[in-house]
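I have placed the structure first, in the form of structure tokens, so that the comments after it can refer back to it.
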2 protein chains.
Amino acid sequence: MKMSNGVEWALHGCVTLSQSRDPVPAARLAELHGTPPAYLAKHLQALSRAGIVRSTAGQVGGYLLTRPAAAITVLEVVQAIDGTSPAYRCTEIRQQGPLAVPAERCDRPCAIARAMASAQEAWYGALADITIADLAAGIDADSEGTAMADVRRWLTSTA
Amino acid sequence: MKMSNGVEWALHGCVTLSQSRDPVPAARLAELHGTPPAYLAKHLQALSRAGIVRSTAGQVGGYLLTRPAAAITVLEVVQAIDGTSPAYRCTEIRQQGPLAVPAERCDRPCAIARAMASAQEAWYGALADITIADLAAGIDADSEGTAMADVRRWLTSTA
DNA sequence: TAGAACTCGGATAGTAAATATCCGAGATCA
DNA sequence: TGATCTCGGATATTTACTATCCGAGTTCTA
């Protein structure tokens, strides 16, 4: 069970975008985070499709959050990059083999699928309780309150 | 984020093994569940390495649970098949780029990694609260108490 | 006691997904 | 109006999962 590596870049990118009032080009984010520019752009497209960021074309274009950072949950970002399909997908093997359960009796998921879905629900719930603003605050606290200010300064400075 | 398909087979297999007092060959489990025999055997090897099942060679050999089903958690099975490494792995991109954080200040994981680890902790906790015995009871309840009896009858019958 | 049959175990191909990249379409500013 | 910079989807490469086979070891039978 491996989560896409792009989730990390997307989360860091959203935190960075939360510090900017002007659009930030994908190349700029890639430079800041030390990631492949083209690949990061692909993930930003996914965020755009999910309605988390808004893209602007042209010379002063770039990406920008569509909502306040406090209104964007980590779960949204994870699902935008990694997909919404649950990690465990039941293939209904109870309907196969010599003791197959007739399909008419399989209206509800089997006990195993229910257990796995319940656990994933706990996972999603935890992710939904954290917002991009929380992450920014946590990173700021780790750096004794200088990290986000440094990001804002770097974003406004011309490359 | 996609979990290995073998987890489903392993969980169903453990439930089946919990109904048998004699070793069950991998080929028998594969026949019951309608899965590729060789591939299922590979996953059973992983369960064996994790100490969840015990293998016996020879003519009357097969696989058997090492502990009562109530003492085996779903988390153990999932980790045995899918690995123990967390789904989200931080690549420490905070240490790269023009605003890189010096390594000396990275003694503890960054706020994003902490948040993701906390969520995974919730996931694991939910899986650890469910045992193989719970799954067997749930499946039995879905079938109005006939499923496990049918399994026991089928296991003792000669193919 | 020797043989044979059946078992598991690790090493070996094939396939799908994720990773990484490039070039074209569209929009903005000079 | 033109040039430059932006995003967006289509395209190769690598990784991990899926699936399989054959050899080593063990147990029962004759």
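Proteins come first, then strands; the chains are lettered A, B, ... in the order of their sequence lines, and each starts at number 1.
The stretch residues 75-82 of chain B has no heavy atom under 4.0 angstrom from DNA chain D at all. Contacts between residues 5-16 of chain A and DNA chain C, counted as heavy-atom distances below 4.0 Å, involve N5(A), W9(A).
Pairs passing the ring pair (Phe, Tyr, Trp, His ring centres under 6.0 Å) check and including a residue from residues 58-80 of chain B, sequence neighbours excluded, do not occur. Residue pairs meeting the salt bridge (Lys or Arg N to Asp or Glu O under 4.0 Å) criterion with at least one partner in residues 90-99 of chain B, sequence neighbours excluded, are E92(B)-R94(B). The list of ring pair (Phe, Tyr, Trp, His ring centres under 6.0 Å) pairs with a residue in residues 106-133 of chain A, not counting sequence neighbours, reads W123(A)-W123(B). Residues in residues 45-60 of chain A take part in no side chain to side chain donor-acceptor pair (under 3.5 Å) pair, two or more places apart or across chains. For residues 111-129 of chain B, the salt bridge (Lys or Arg N to Asp or Glu O under 4.0 Å) pairs, not counting sequence neighbours, are D142(A)-R114(B).
D140(A) contributes a side-chain N or O that, together with a main-chain N or O of M148(A), makes up a donor-acceptor pair within less than 3.5 Å.
Atom CE in M1(B) sits about 18 Å away from atom P in dA16(D), given to the nearest Å. The interatomic distance linking M3(A) (CE) with dT19(C) (P) rounds to 11 Å, in whole Å. Atom CZ in R89(A) sits roughly 13 Å away from atom P in dA16(C) (whole-Å rounding). Separating the CD1 atom of I93(A) from the P atom of dT18(D) is a distance of 14 Å, rounded to the nearest angstrom. Remark: C1' of dC8(C) and OH of Y39(B) are 18 Å apart, rounded to the nearest angstrom.
Partners of A57(A) according to the side chain to side chain contact (heavy atoms under 4.5 Å, CB included) rule, which considers only residues two or more places apart in sequence or in another chain, do not exist here. Contacts of A100(A) classified as side chain to side chain contact (heavy atoms under 4.5 Å, CB included), with partners at least two apart in sequence or in another chain: none. Taking the side chain to side chain contact (heavy atoms under 4.5 Å, CB included) definition, one finds that P37(A) meets it with A30(A), sequence neighbours left out. Under the ring-ring contact (aromatic ring centres under 6.0 Å, His included) criterion, Y88(A) pairs with no residue at all, not counting sequence neighbours.
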Within the 4.0 Å limit for protein heavy atoms, which parts of nucleotides 3-15 of chain D are touched? Write it as a string from 5' to 3', B for base, S for sugar-phosphate only, - for none. -BSSSBB------

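T35(B) and H12(B) share no donor-acceptor pair across their side chains, judged by distance under 3.5 Å alone.
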